[in-house]
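If you scroll down you'll find the structure; I have some questions about it.
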Amino acid sequence: MRPQILFPLFASVRSLPGVGPKLERLLARLSCERVVDLLWLKPSGLIDRRARPAIAVAAEGQIATIEAKVEIHYPPRSPRRPYKVLLSDASGRLLLVFFRGEEAYLKGVLPLGETRIVSGRIEIFNDQRQMTHPDYILKPEDFAGLPLLEPVYPLTEGLTPKVLARIVHAALDHAPELPEWQDRPWLEKQHWPTWREAVRALHAPQSPAAIDPEAPERMRLAYDELLSNQLALLLIRTRMKRQRGRALVSEGILRKKALAALPFALTVGQRQALSEIDADMQAPARMMRLLQGDVGSGKTVIAFLALLAAVEAGAQGAMMAPTEILTRQHAGALEPLCRSVGLRMAVLTGREKGKPREAVLSALARGEIDILIGTHALFSEDVTFKDLGLAVIDEQHRFGVHQRLALQAKNGIPVDVLVMTATPIPRTLALTAYGDMDVSRLIEKPAGRMPVATRVLAQSRIDEVIAGLEREIAHGGRAYWVCPLVEESEAVDWAAAEARYRELHDHFGAHVGLVHGRMKGAEKDEVMARFKDGALKVLVSTTVIEVGVDVPEATVMIIDEAERFGLAQLHQLRGRVGRGTRPGTCILLYRPPLSDTGRRRLQVMRETDDGFKIAEEDLRLRGSGELLGTRQSGLPEFRLADLDFHGELLLAARDDAAMIVARDEGLLTPRGEALRTLLYLFGRDEAVRYLRSG
Ligand code: ADP
Ligand code: MG
């Protein structure tokens, strides 16, 4: 249970004075539902109102706070013109400009002949200094109420900066003094303040340096967040490992048969990864292993061989993919292999319904299915295995630690878990997302892969691209044409793909197909199948051609507005081609003008084919916040920590967490108690729950 001291922070924003249903709705758009969310709003900058120049020396563009006398009101001659008020000090004159100004109101706040303080941006127009809509108009005696350093927050329509600032301050007043969870000597060494002082400094800064990510206050908050992340993962990992899993021991008879049936030999890297997995499975502790490798590096076959070992040891295996299409593809690839070694395999997705679904479920419960392949439908409550021993989760960058725990809870059996991802996550980020797992990496690719030439072209050269495509198709090639990801709206996504489809249809007629996220699963599969068997030569799609789709004949990958994609995503898309006997081409179309970073990023794609290098470079060029696209990455989103600045802190937090767990695994010491509060503060409730259940 969440400690009582945190209750005010976890209350709804409605508990703050002046926040009603309307503000609640606006705040929800900033993901602020509870008081604590407001504290995590990170100012993007500061408005510095400390400059108090005489009017005559106020510089254009400067934010100035000016004390002056109200001289003349100029109500507009027509309603469309602005209302103006002239002010003066000993040095000169300043014109205040108000669009939609109400005369009565303005006369009230700016009474003729009186002195007022105004604060806002200085403009110069026709040699006249002016200020359009001052941010503040105050009586001189109220000067103390002017925030000299004002944090700038992300805004949403209908929510003014002033109102938001007021609400954040109300939230600050709700922030209690919390027990210190950090090691005191470490705090002293770093010169870090208490948690409460640190959040206060974030929202009511006393100096411009306070919002610098490397300011002590910011470092403290970042470290709190990183420590909560690392500690949570480590606690979970420690408990999971401690649980007596089972030793899945097999003699490798099925595997030998399967290897003989494969048309290729495993690479050294594959054998290495497999032996790491075998060792985990044979050990009585449970396996929590991540298998990381580029698209096409041959992860699926390893998973299959691991599943065979589980089955031979007398258990069942499950393999989960994030989408219907990928599930069908896996099933299609594994089916003949299963047959060759006499295994019973079944598929379960959201599409299996009624009788067929019941048949699968009851066969599964009776142990008459050895390997079940499916989407997250595998998590459904009515899915009961007779004896699940190994769960493989493929392309899982959309699953998080929660799902890994859910799997564990299934039937209460400690299941060995193998996670496969093609996302080339840089090491530091891997630590934040998979700190609870061991990692195997596949570096080399299977021999015989064709090189993929990458070209970067302006969108205006599309006619050339289409001409090239015609030639390629005449030579037996096939192409993917991917349309940009428009995050905000699936409808726009779809419209872009649809428009591209129509245009290509004029050239290629019935040889062009379209898949997008709004189509039903069966429709998508049908189009994919027609592309796979060659009836379609060009497949236009939104990014639903998931990483992992395997069409060896595909030779060309064209990506519209490539600058909008994450490099990791581009890399994965590019990995879809050059898998067969003909070399591949990848064409990255961009819409000019490209920013310097944009240009550099696309250049990286041209220069290297190494997924990890690409990921590191993307991290360097764009920062971790934007890496991998936002939503789909499944990496934890930090609210206060910014790995571009706080990467070192992450490593320190990892070591700190290791020390804490070594000394006080149950978090029972006074510091341990305080650390529980920290975990709850950052919403890592599952880690604390785990503490008890373990
Ligand atoms: P991933 O899951 O890592 O994207 P896959 O397992 O789907 O990669 O492998 C891609 C293709 O490479 C498949 O057609 C697979 O049969 C083939 N493949 C896998 N391992 C090897 C190997 N050692 N030698 C040759 N081809 C391989
Ligand atoms: Mg795959």
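As the structure is a prediction and not an experimental result, all values here were calculated from the model. Ligands are counted one by one from 1 in listed order, and the atoms in each one are counted from 1 as well.
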Below 4.0 angstrom from a heavy atom of A265, which ligand 1 atoms are there? Numbered from 1 as shown, please.
-> 22 (C), 23 (N), 24 (N)
With heavy atoms under 4.0 Å as the rule, classify the contact between M420 and ligand 1 as side chain, backbone, both or neither.
->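 Neither; nothing of M420 gets under 4.0 Å from ligand 1.
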Heteroatom distance test (G293, ligand 1): nitrogen or oxygen, under 3.5 angstrom = no
Out of G298, G575, P552, whose heavy atom is nearest to atom 8 (O) of ligand 1?
->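 Among G298, G575, P552, the closest heavy atom to atom 8 (O) of ligand 1 comes from G298.
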Sub-4.0 Å atoms of ligand 1 with respect to non-hydrogen atoms of T267 | 23 (N)
Say whether, by atom type as modelled, one donor and one acceptor occur between the side chain of R286 and the main chain of M281 under 3.5 angstrom.
->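 Not a single qualifying donor-acceptor pair exists.
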Give the minimum heavy-atom separation between D560 and R500, together with the two atoms involved.
-> OD2-NE, 2.7 Å
Taking E472 for its side chain and R478 for its backbone only, find out whether a donor-acceptor pair lies under 3.5 Å.
->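 No.
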Regarding T349 and R328, is there a side-chain donor-to-acceptor distance under 3.5 Å anywhere?
->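 Present: a donor and an acceptor within the cut-off.
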Residue pair M345 / I373, side-chain heavy-atom distance below 4.5 Å | yes
